[in-house]
Chemist: 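I have a structure I would like to understand better, so I am pasting it below and will then ask my questions one at a time.
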Amino acid sequence: MPTTVQRIFNFSSGPAVLPEPVLLEAQRDLFMLPGVGMSVMEISHRSTVFDRVLEDAEATLRAVAGIPDSHAVLFLQGGASLQFSMVPMNLLPAGGRADYVITGVWGQKAIAEARKAGQVQVAGSTEAEGFRRVLRQDELTLDPGAAFVHVTTNNTIYGTQWRTLPETGDVPLVADASSDIFSAPIDISRFGVIYAGGQKNLGPSGVTLVVIRKDLLSRSSESLPTMLNYAVQAANGSRYNTPNTFGIYILGLVARWMQSEGGLEVIGRRNARKAAVLYAEIDRTGFYRGYAERDSRSLMNVTFRLRDEALEETFAREAAREGLDGLKGHRSAGGLRASIYNAFPEAGVDALVQFMREFERTHG
Ligand code: PMP
């Protein structure tokens with residue numbers, strides 16, 4: 001079978017690029033884990049070997065992201081989309097109300113699920129502006145009696161990101177951080193719940209990280225479907241049923257990689273550098289233009305258009321030919337998007353900038 005000797009630069013929005021050392025370690029250990037004689041995919045989720053895999057993944061994540069004891073770490077399934085349902089099912093009591101801040105399609109999907117569980121309120125929305133920005137605190141209408149406030153920290157499709165998350169006082173802040181979790185230092189104690197589908201900054205798809213303040217577990221009603229009950233999942237150490245064992249294993253390797261890179265400070269600085277280089281090129285001549293408003297620009301998903309939008313297809317196609325893959329924007333937003341998550345290398349950003357200059361020279 002032919003093998004690709006050179007990996008290309010993968011700008012996919014997710015599932016997305018993983019750190020090469022993680023892939024190589026997983027490849028080495030795929031046939032059998034050292035000292036175990038079996039693949040991680042072949043061992044019981046209740047074996048002592050897997051106990052160690054899961055404990056390691058959790059401990060490393062806690063260490064690298066500073067997740068305090070006040071919060072439980074859950075490895076669930078169903079993607080971030082299932083959290084759109086689980087959050088209100090668990091946290092919204094009968095007769096209660098929840099606030100949703102809508103800064104993109106994922107927030108809209110989240111509130112649509114919450115409506116099925118109870119009463120919701122839109123605390124603010126940038127839909128009328130094409131979701132080109134996030135909101136300022138003074139633009140939000142927050143209900144001090146709300147059961148929680150839900151936000152999307154990074155809007156993958158539009159390329160916007162909160163610099164400062166809303167202050168919600170005593171109301172628990174619930175965040176969908178699927179596309180920027182652990183992209184910079186984070187104060188987990190600010191969140192009631194923070195969750196993310198695995199497939200961007202954490203590992204493969206099929207494992208969902210949920211970090212929840214332990215006192216909120218008491219809100220989960222026994223009448224909930226067992227698998228959708230946070231308290232049950234926490235009491236069973238994410239193993240009420242068979243979890244995504246392979247996904248948890250990879251997530252543990254990614255957490256170790258984050259540590260070995262120097263932690264979230266170092267990763268955050270590198271992410272800022274990568275995004276700055278790319279936005280500088282977008283802003284340089286007017287041939288390209290950024291989609292998001294400047295003070296809302298995402299460091300993870302850089303969205304842009306060409307002055308001549310008819311050239312965008314050609315751009316994506318020719319870029320792919322040069323080994324720059326996945327630059328076509330989301331189907332609902334159009335344009336171009338470079339997703340540059342934690343594992344995306346700086347050399348790939350430099351290669352894209354080179355390509356952008358050459359494309360402008362030949363098509364400008
Ligand atoms: N929220 C955000 C911010 C996302 O980017 C995505 C997926 N791209 C989702 C939710 C949905 O995630 P999943 O496919 O894991 O359900």
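The figures that follow rest on heavy atoms only: side chains count, while hydrogens, waters and symmetry mates do not. Sequence positions, counted from 1, serve as the residue numbers for this chain. Ligands are counted one by one from 1 in listed order, and the atoms in each one are counted from 1 as well.
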Chemist: Which ligand 1 atoms are under 4.0 Å away from a heavy-atom of Ser178?
Modeler: 1 (N), 2 (C), 3 (C), 4 (C), 10 (C)
Chemist: Would you mind running through ligand 1 and noting each atom that sits below 4.0 Å from a heavy atom of Asn154?
Modeler: 3 (C)
Chemist: Just jot down the ligand 1 atoms closer than 4.0 angstrom to any heavy atom of Gly79, in number order.
Modeler: 15 (O), 16 (O)
Chemist: Could you check whether Asp350 pairs with Lys274 (Lys NZ or Arg NE/NH1/NH2 to Asp/Glu carboxylate O, under 4.0 Å)?
Modeler: no
Chemist: Please work out, at 4.0 Å between heavy atoms, whether the side chain, the backbone, both, or neither of Ser81 comes within that distance of ligand 1.
Modeler: both
Chemist: Can you list, by chain and residue number, the hydrophobic cluster partners of Tyr341 when the side-chain cut-off is 4.5 Å?
Modeler: Met300
Chemist: Looking only at distance, does Lys200 have an N or O less than 3.5 Å from an N or O of ligand 1?
Modeler: yes
Chemist: If we only count N/O pairs under 3.5 Å, is Thr156 in contact with ligand 1?
Modeler: yes
Chemist: Determine, using heavy atoms of Lys109 and all atoms of ligand 1, whether some pair is separated by less than 4.0 Å.
Modeler: no
Chemist: For Ala117 and Pro88, which heavy atoms make the closest approach, and how far apart are they?
Modeler: CB-CB, 3.8 Å
Chemist: For atom 1 (N) of ligand 1, find the nearest protein heavy atom and state the residue, atom name and distance (0.1 Å precision).
Modeler: Asp176 OD2, 2.6 Å
Chemist: Taking NZ, NE, NH1 and NH2 as the nitrogens, is one of them in Arg357 or Glu360 under 4.0 Å from a carboxylate oxygen of the other?
Modeler: no
Chemist: Indicate yes or no: does Lys116 engage Glu113 in a salt bridge with an N to O separation below 4.0 Å.
Modeler: yes
Chemist: Do the rings of Phe304 and Tyr288 sit parallel, tilted or perpendicular, given the 30° and 60° boundaries?
Modeler: perpendicular
Chemist: Is the shortest distance from a Lys or Arg side-chain nitrogen in Glu58 or Arg62 to a carboxylate oxygen in the other one below 4.0 Å?
Modeler: yes
Chemist: Scan the side chains in residues 228-236 for donor-acceptor partners under 3.5 Å anywhere in the protein, sequence neighbours excluded, and list what turns up.
Modeler:
unit_1: Asn229; atom_1: OD1; unit_2: Ala231; atom_2: N; d: 2.8
unit_1: Asn229; atom_1: OD1; unit_2: Val232; atom_2: N; d: 3.1
unit_1: Asn229; atom_1: ND2; unit_2: Ser221; atom_2: O; d: 3.1
unit_1: Tyr230; atom_1: OH; unit_2: Gln83; atom_2: OE1; d: 2.6
unit_1: Gln233; atom_1: NE2; unit_2: Met227; atom_2: O; d: 3.0
unit_1: Asn236; atom_1: ND2; unit_2: Val232; atom_2: O; d: 2.8

Chemist: Quick one: look at Tyr195 and ligand 1, take heavy-atom pairs under 4.0 Å, and tell me if it's side chain, backbone, both or neither.
Modeler: neither
Chemist: What atoms of ligand 1 come closer than 4.0 angstrom to any heavy atom of Phe84?
Modeler: 10 (C)
Chemist: Under 3.5 Å between some N or O of ligand 1 and some N or O of Ala80?
Modeler: yes
Chemist: Hey, are Ser296 and Thr160 close enough side-chain-wise for a donor-acceptor pair under 3.5 Å?
Modeler: no
Chemist: Tell me which protein heavy atom sits closest to atom 7 (C) of ligand 1, plus the residue, atom name and distance to 0.1 Å.
Modeler: Trp106 CZ2, 3.5 Å
Chemist: Taking non-hydrogen atoms only, is Leu82 closer than 4.0 angstrom to ligand 1 via side chain, backbone, both or neither?
Modeler: neither
Chemist: Within the structure, is a non-hydrogen atom of Gln199 found at a distance of less than 4.0 Å from ligand 1?
Modeler: yes
